[in-house]
Amino acid sequence: CRGRGIIVRVPLLYGEDCIQLDESPALEMMKVLLPAAAAGTTIKKKKIDNWALRFPTSCEDVAKALKLMIDRALIDKHFDGTYHVSSPHGIT
């Protein structure tokens, strides 16, 4: 007998309530874009690409998707598989 299972994949996850920029890979990028914190500090040029398309996805949006999937799984005994949950808004 094969068991039911659902795999949910999220490409880049972020939260709205982060305090530190290093709490999320999506916010970690901001360190590169923000000016140096201390006055008189030398700002070094940093190289970043503008071709890789990323889809940062909110934790709240993933929670809503999971809720919908759980509700569906309760009524559809054949609901299983791998699902990709991401924002429709791509950024470079």
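The first residue in the sequence is number 1, and the count goes up from there.
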Contacts of D61 meeting salt bridge (charged side-chain N to carboxylate O under 4.0 Å, His left out) (sequence neighbours excluded), chain-then-number -> none
Keeping to residues at least two apart or across chains, list the ring pair (Phe, Tyr, Trp, His ring centres under 6.0 Å) pairs with something in residues 58-92. F79-Y83
With clusters built from Ile, Leu, Val, Met, Phe, Trp and Tyr whose side-chain heavy atoms come within less than 4.5 Å, directly or transitively, what are the remaining members of the cluster of L53, listed by chain and number? F55
Could you pull out all residues at least two apart from K77 that satisfy salt bridge (charged side-chain N to carboxylate O under 4.0 Å, His left out)? none
I75: which other cluster members, linking ILVMFWY side chains closer than 4.5 Å, directly or transitively? none
Side chain to side chain contact (heavy atoms under 4.5 Å, CB included) involving I7 - partner list, sequence neighbours excluded: R9, T82
What I'd like to find out is whether the side chain of K67 reaches to under 4.5 Å of the side chain of D71, using heavy atoms alone. yes
Could you pull out the closest heavy-atom pair between I6 and A73, with the gap in Å? CD1-CB, 4.4 Å
Rounded to the nearest 0.5 Å, what separation is found between the CG atom of L13 and the OG atom of S58? 7.5 Å
How far apart are the closest heavy atoms of T57 and S87, and which atoms are they? OG1-N, 2.9 Å
At what distance, to the nearest 0.5 angstrom, does CG of D80 lie from CE of M69? 10.0 Å
